[in-house]
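Structure, as structure tokens:
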Protein chains: 2
Amino acid sequence: MVSPSNLIDRGPSLAEVVARRLSEDIAAGRLKPGEKLPTEQQIAETFGVSRPIVREAVGRLKHDGLVVSRQGAGAFVAESGQASVFRLQVADFTDRDEIHGIIELLMAVESGATELAAMRRTDEDLAMIQTQLDAMQTSIDRGDPGVDEDVAFHRAIVEATKNPFFRDLSDFLDRRVRAFIRAARSNTARRQGSLTRSVQEEHQAIFDAIRDKDAPRARLAAETHLRNAADRLAVYQLS
Amino acid sequence: MVSPSNLIDRGPSLAEVVARRLSEDIAAGRLKPGEKLPTEQQIAETFGVSRPIVREAVGRLKHDGLVVSRQGAGAFVAESGQASVFRLQVADFTDRDEIHGIIELLMAVESGATELAAMRRTDEDLAMIQTQLDAMQTSIDRGDPGVDEDVAFHRAIVEATKNPFFRDLSDFLDRRVRAFIRAARSNTARRQGSLTRSVQEEHQAIFDAIRDKDAPRARLAAETHLRNAADRLAVYQLS
DNA sequence: TATCACCAAGTTGCCTGACAAGTTGATTGT
DNA sequence: ACAATCAACTTGTCAGGCAACTTGGTGATA
């Protein structure tokens with residue numbers, strides 16, 4: 001079985017290396033907002049690569065909004081505030097402090113979202129959340145960890161915020177963080193039964209608070225859920 | 001005076017257009033995680049561009065972690081959870097609903113951060129926050145809007161969280177959102193005096209709560225500050 | 001029949017060279 | 001002093017080529 005971790009690491013492409021170097025120069029203040037970058041030819045000579053590689057590297061930074069270019073004039077570090085990306089740099093998911101830190105962030109975003117959902121949910125929203133809650137129960141009764149159902153449950157909640165920014169950030173964090181938590185749970189076949197039932201009880205508490213339009217209780221339920229998720233992660237990692 | 005808004009919009013580069021198209025295909029599920037992308041040559045023919053443009057476009061998606069490539073084998077949609085970027089797509093800062101939505105997000109993140117700062121701050125942290133608070137007062141006394149000092153104040157708070165993820169996301173949101181708020185305040189010379197004093201009073205309340213290690217009060221103070229910031233924005237925009 | 005080695009075809013990674021489109025600054029003419 | 005022109009430069013795109021790697025098919029051997 002070939003898994004990603006068994007593959008020989010070929011390292012980043014030249015374009016990626018150059019992009020990182022330039023990005024570091026910008027982050028370190030060696031290239032200031034508004035400042036002109038060296039020409040493509042100069043960068044190529046500086047790094048000993050060809051011009052298309054430089055074009056690709058600079059293109060990556062343009063995609064991030066860190067750099068803007070004008071044909072004939074040059075490429076410039078974008079003014080502060082133009083960057084359109086937030087990068088979540090996690091070395092791996094084995095450092096407990098790192099995991100704890102990122103779960104704190106998830107907690108802030110998700111508890112805020114759950115609070116808004118409690119304030120704003122419509123009957124349709126509530127029905128959708130109920131549907132996903134029931135689907136997860138069905139999955140648990142079948143002996144499955146309910147991964148897809150867990151995703152859908154949280155997604156239904158964040159849709160009830162009626163705020164696309166919460167939805168997008170929550171999706172992103174879901175993909176990066178919750179997915180890790182769920183994978184850990186799924187990989188722990190022996191204990192998943194009782195632990196997944198805890199998860200469902202916490203989901204139920206979240207649902208109840210949203211149903212009752214009780215925003216503070218919803219916030220607290222979401223925080224409790226994630227606090228417990230962090231604790232459960234410790235259990236998964238011990239097994 | 002040439003300002004960015006006066007420049008003729010030349011639209012995105014071909015590479016950026018292709019990158020967006022492919023990114024949309026992935027987001028819409030037309031290209032699934034693990035699925036192989038068409039070859040560079042096929043994509044070039046599909047979009048009627050040259051292969052280097054395709055390479056640059058795919059390179060942008062690789063930079064985002066959305067796509068991985070293996071030399072000789074092809075490029076593949078990355079498995080879920082590999083994407084390392086969150087993109088904040090704001091058309092512009094003129095849509096009130098959009099601004100309101102993004103401030104809600106800022107509120108969730110910043111109130112969470114302020115709460116953590118209240119729980120975790122050291123004496124050194126507190127001294128730094130005090131320094132920035134005083135610097136902002138000095139700026140106000142001078143009749144300036146205190147933009148840099150405002151940045152530094154909030155940065156000092158988020159450093160006290162001892163959580164790099166909060167710091168990074170807060171930095172990002174600061175650059176994208178708070179910067180807009182500050183610019184609006186700075187551009188409103190006639191009213192800035194009294195409104196900036198309100199800002200400083202709210203900063204003082206945040207500081208007091210952090211000093212007292214009163215996490216719930218810190219959260220509330222941060223929320224109040226941002227809620228008022230949204231209200232002040234309405235004032236700026238009427239003038 | 002199964003396994004291994006070899007090879008051709010295809011694909012990504014990188015380079016060279018060329019030209020189009022646009023910018024900038026210097027020069028010239030009014 | 002101002003406007004027009006032009007040369008030099010820079011980004012944007014393309015064409016072509018070769019290196020490095022992958023994949024699948026074929027033939028040889030045990």
Side-chain angles (χ1 to χ4, degrees), chain A residues 1-22 26 31 34-78 82, chain B residues 1-22 26 31 34-78 82:
Chain A
M1 169 76 181
V2 178
S3 79
S5 59
N6 292 343
L7 297 178
I8 294 171
D9 178 20
R10 284 188 166 72
S13 66
L14 290 179
E16 185 62 27
V17 173
V18 173
R20 288 179 189 172
R21 290 281 185 84
L22 294 174
I26 293 170
L31 288 168
E35 189 169 346
K36 184 173 173 309
L37 265 64
T39 65
E40 292 175 351
Q41 191 58 46
Q42 286 168 342
I43 296 172
E45 283 160 12
T46 297
F47 291 115
V49 298
S50 68
R51 192 182 146 222
I53 294 301
V54 175
R55 289 198 54 71
E56 197 180 313
V58 172
R60 293 176 187 212
L61 301 190
K62 285 193 283 186
H63 185 55
D64 279 355
L66 289 181
V67 168
V68 294
S69 64
R70 297 210 307 284
Q71 184 172 338
F76 302 81
V77 180
Q82 295 304 304
Chain B
M1 170 76 182
V2 179
S3 78
S5 60
N6 292 344
L7 296 179
I8 294 171
D9 178 21
R10 285 187 165 69
S13 67
L14 291 179
E16 185 63 27
V17 173
V18 174
R20 288 180 189 171
R21 291 280 187 86
L22 294 173
I26 293 169
L31 287 168
E35 189 170 344
K36 185 175 175 309
L37 266 64
T39 65
E40 292 175 349
Q41 190 57 46
Q42 286 169 341
I43 297 173
E45 283 159 12
T46 297
F47 291 116
V49 298
S50 68
R51 192 183 147 219
I53 294 300
V54 174
R55 291 195 56 69
E56 197 181 313
V58 172
R60 293 177 186 211
L61 300 189
K62 285 193 283 187
H63 184 55
D64 279 355
L66 289 179
V67 168
V68 293
S69 64
R70 296 208 311 284
Q71 184 170 340
F76 301 82
V77 180
Q82 295 303 307

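A, B, ... follow the sequence lines: proteins, then strands. Residue 1 opens every chain.
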Problem set entry | Closest non-hydrogen atom pair, A:Ala15 against A:Glu56 | CB-OE2, 3.5 Å

Exercise. When you look at A:Ile53 and A:Val17, which way does the side chain to side chain contact (heavy atoms under 4.5 Å, CB included) test go after all the steps?
Worked result: CA-CA 10 Å; A:Ile53 294 301; A:Val17 173; over 6 Å; no

Exercise. A:Phe76 or B:Gln42: which one's nearest nucleotide on DNA chain C is closer to the 5' end?
Worked result: B:Gln42

Exercise. Considering only heavy atoms, which members of residues 54-67 of chain B lie under 4.0 Å from some atom of DNA chain C?
Worked result: B:Arg55, B:Lys62

Nucleotides 16-20 of chain C: which of its N/O atoms have a protein N/O under 3.5 Å away?
from	atom 1	to	atom 2	distance (Å)
C:dA18	N6	A:Arg51	NH1	3.4

Seminar exercise, completed: The reported gap from NZ in A:Lys36 to OG in A:Ser69 (rounded to nearest 0.5 angstrom) is 11.0 Å

For this session: Would you grab the first and last nucleotide of DNA chain D (5' to 3') that comes under 4.0 Å of any non-hydrogen atom in chain A?
Result: D:dT10 to D:dT22

Problem set entry | Reported OG-to-CD distance for the pair A:Ser50 and A:Glu45, which is rounded to 0.5 angstrom | 12.0 Å

Problem set entry | Value rounded to 0.5 Å, distance of CZ in A:Arg21 from CD1 in A:Ile26 | 14.0 Å

For this session: Using only side-chain N and O atoms of B:Thr39, determine if any of them is under 4.0 Å from OP1 or OP2 of C:dG10.
Result: no

For this session: Rounded to the nearest angstrom, tell me the gap between atom CD in B:Glu40 and atom P in C:dT11.
Result: 10 Å

For this session: Can you measure from CD (A:Gln42) to CG (A:Leu37) and round to the nearest 0.5 angstrom?
Result: 10.0 Å

For this session: Give the minimum heavy-atom separation between A:Leu61 and A:Ala19, together with the two atoms involved.
Result: CD2-O, 3.7 Å

For this session: Would you mind telling me which residue lines up with the more 5' stretch of DNA chain C, A:Ile53 or A:Ala73, judged by nearest nucleotide?
Result: A:Ile53

Seminar exercise, completed: One should read off an interatomic distance between A:Glu16 CD and A:Arg60 CZ, to the nearest 0.5 angstrom, of 4.5 Å

Exercise. For the atom pair NZ (B:Lys62) and CG (B:Asp64), what is the distance rounded to the nearest 0.5 Å?
Worked result: 12.5 Å

Problem set entry | Gap between atoms CG and P, on B:Leu37 and C:dT12 respectively (whole Å) | 9 Å

